[in-house]
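These notes are about the structure you will find just below.
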Amino acid sequence: NGVILSEWGEFASPDLARRFALYRPQGVGQAALKKAAKNAESHLGETFSLDVFERGNPVYCTTLIERSMQDAAIPFHP
């Protein structure tokens, strides 16, 4: 398990995902959204880990999105 880039159809396919959620921040400019996307993209290939002692800073899908959005000053409250 790790950070990968996949097409929406693959991500949301019933073969891979039983459920998923979308978060669409309101009133956020394109520059902030692009900054968050670039930040997330910079983690491609990293292994997911919830072990704070192993990495010092656990990374999983939600934490990756949260940090990317915080870095771009986008409010994130899932």
CZ (Phe48) and OG1 (Thr63) are apart, to the nearest 0.5 Å, by 7.5 Å
The reported gap from CD in Gln70 to CD in Glu66 (rounded to nearest 0.5 angstrom) is 4.5 Å
Closest non-hydrogen contact found for Ser68 with Asn39 is OG-OD1, 2.9 Å
**Request:** Kindly give the heavy-atom pair with the smallest separation between His43 and Leu64, and that separation in Å.
**Result:**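 Scanning both residues completely, I find the closest heavy atoms to be CD2-CD1, 3.3 Å.
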Kindly write out the residues that satisfy side chain to side chain contact (heavy atoms under 4.5 Å, CB included) with Glu41, not counting sequence neighbours, or none if the list is empty.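 Per chain and number, Glu41 pairs via side chain to side chain contact (heavy atoms under 4.5 Å, CB included) with Leu44.
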For Ile74, the side chain to side chain contact (heavy atoms under 4.5 Å, CB included) test, sequence neighbours excluded, returns Pro25, Val28, Ala32, Leu33, Ala36, Met69, Ala72
Problem - Hydrophobic cluster of Leu22, others only, ordered by chain and residue number, side-chain cut-off 4.5 Å - result: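 Direct or chained contacts put Leu22 with Trp8, Phe11, Phe20.
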